[in-house]
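Residues take their numbers from the sequence shown, with the count starting at 1. Scope of the values below: all heavy atoms of this structure, side chains included, with no hydrogens, waters or symmetry mates.
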Amino acid sequence: MRKCQKGFIYPVTLSIFLLVLSCFLVITSLFLTEKRMYHNSKELLVQEYYFMSSVKAVEKELQMGEYAQQGALQLKKGTVDYAIEQTTDTILKVEYRLRTKNVETVGYSYFDRLENKMTKWVEAK
């Protein structure tokens with residue numbers, strides 16, 4: 001029994017354990033970072049989709065000529081409030097406020113009455 005107590009097994013076992021533990025921590029960190037990025041990109045795509053569908057809905061109302069100065073669109077994961085103001089004789093400015101569970105985002109679009117379509121889109125945070 002005395003010959004086996006030279007101190008070789010314990011340091012090797014400890015170093016292998018620390019190596020496996022550090023690899024596990026790196027893999028876990030990468031997984032959590034990727035999961036967070038996936039969630040953020042999914043939320044961003046939902047916001048972009050909601051803005052685009054809101055712009056199309058308001059554009060359709062403006063093309064028909066029957067629109068209110070303010071309104072709201074109820075969506076699955078949030079609401080979009082919009083307000084229309086006339087900047088010049090032929091251009092209307094539409095302000096959108098998207099409210100979801102986590103974020104409130106503001107965007108603007110400009111509708112040209114001569115062309116009868118949206119001409120510019122600006123998203124501000």
Side-chain angles (χ1 to χ4, degrees):
M1 276 306 238
R2 283 247 199 260
K3 291 183 181 180
C4 293
Q5 295 180 357
K6 293 186 179 183
F8 177 73
I9 297 296
Y10 180 73
V12 169
T13 306
L14 184 63
S15 62
I16 290 174
F17 174 72
L18 290 176
L19 180 67
V20 169
L21 182 65
S22 64
C23 288
F24 176 73
L25 289 176
V26 167
I27 290 171
T28 304
S29 173
L30 289 173
F31 171 73
L32 291 175
T33 303
E34 187 174 325
K35 187 176 177 182
R36 206 173 303 124
M37 284 178 49
Y38 171 75
H39 177 70
N40 289 343
S41 61
K42 181 180 175 184
E43 190 172 309
L44 183 66
L45 287 173
V46 167
Q47 288 176 8
E48 287 178 3
Y49 175 73
Y50 284 171
F51 268 129
M52 182 56 71
S53 61
S54 301
V55 168
K56 286 183 179 182
V58 171
E59 181 179 27
K60 197 176 282 188
E61 286 180 12
L62 291 171
Q63 287 173 346
M64 295 169 83
E66 304 168 2
Y67 62 91
Q69 293 294 325
Q70 293 181 349
L73 300 170
Q74 295 294 328
L75 303 167
K76 188 174 182 179
K77 294 183 180 179
T79 61
V80 177
D81 298 322
Y82 64 89
I84 302 172
E85 67 179 62
Q86 189 162 354
T87 56
T88 64
D89 292 338
T90 59
I91 296 179
L92 298 172
K93 178 182 176 183
V94 184
E95 178 183 342
Y96 304 92
R97 289 195 179 277
L98 170 65
R99 290 185 180 92
T100 60
K101 202 184 303 183
N102 302 329
V103 179
E104 180 176 338
T105 310
V106 178
Y108 303 96
S109 67
Y110 295 93
F111 182 80
D112 191 351
R113 287 184 174 173
L114 295 177
E115 296 179 23
N116 205 22
K117 66 178 183 177
M118 292 287 184
T119 56
K120 187 176 179 182
W121 165 256
V122 179
E123 184 175 338
K125 200 154 195 180

When you compare the side chain of V94 with that of E85, does any pair of heavy atoms fall below 4.5 Å? no
Please check if the side chain of T119 supplies one atom and the backbone of F111 the other of a donor-acceptor pair under 3.5 Å. no
ILVMFWY network linking V26 to L19, side-chain heavy atoms under 4.5 angstrom: no
Does Y96 belong to the same Ile/Leu/Val/Met/Phe/Trp/Tyr cluster as Y110, with side-chain heavy atoms less than 4.5 Å apart forming each link? no
So that I can tick it off, tell me whether K117 and D112 are bridged by a salt bridge, with the cut-off set at under 4.0 angstrom between side-chain N and carboxylate O. no
Transitive ILVMFWY cluster of L45, excluding itself - 4.5 Å side-chain cut-off: none
I'd like to know if E95 and R97 make a salt bridge, using a cut-off of under 4.0 Å between side-chain N and carboxylate O. yes
Full working for side-chain hydrogen bond (donor to acceptor under 3.5 Å, both in side chains) between D81 and Q70: CA-CA 8 Å; D81 298 322; Q70 293 181 349; over 6 Å; no
Taking the side chain as everything from C-beta on, heavy atoms only, tell me whether I91 gets closer than 4.5 Å to R113. no
Do E43 and N102 have side chains that get closer than 4.5 Å, going by heavy atoms? yes
Measuring from atom CD of Q47 to atom NZ of K77, what distance do you get when rounded to the nearest 0.5 angstrom? 11.0 Å
Might you point out which heavy atoms bring I84 and A68 nearest each other, and give the distance in Å? CD1-O, 3.4 Å
Do any N or O atoms from the side chain of E59 and from the backbone of L62 form a donor-acceptor pair under 3.5 angstrom? no
Separation between OG1 (T79) and CD (E104), nearest 0.5 Å, reads 9.0 Å
Enclosure of Q63 CD (heavy-atom neighbours >12, cutoff 6.0 Å): yes
Measure the NZ-CG distance between K35 and L30 for me, rounded to the nearest 0.5 Å. 14.5 Å
Quick one: pull up CE in M37 and CG in L32 and give me the separation to the nearest 0.5 Å. 13.0 Å
Separation between CG (L98) and OG1 (T105), nearest 0.5 Å, reads 5.5 Å
Is a side-chain N or O of S29 found less than 3.5 angstrom from the main chain of L25, in a donor-acceptor match? no
Cluster question for you: counting only ILVMFWY and a side-chain heavy-atom cut-off of under 4.5 Å, with indirect links fine, are L92 and V80 together? yes
All side chain to side chain contact (heavy atoms under 4.5 Å, CB included) counterparts of E61, not counting sequence neighbours: Y67, Y82
Once ring pair (Phe, Tyr, Trp, His ring centres under 6.0 Å) is applied, what residue pairs with a partner in residues 34-55 remain, sequence neighbours excluded? F51-W121
So CE of M52 and OG of S109: to nearest 0.5 Å the spacing works out to 10.0 Å
Can you confirm whether E34 is buried at CD, in the sense that more than 12 heavy atoms of other residues, nucleotides or ligands lie under 6.0 Å from that atom? no
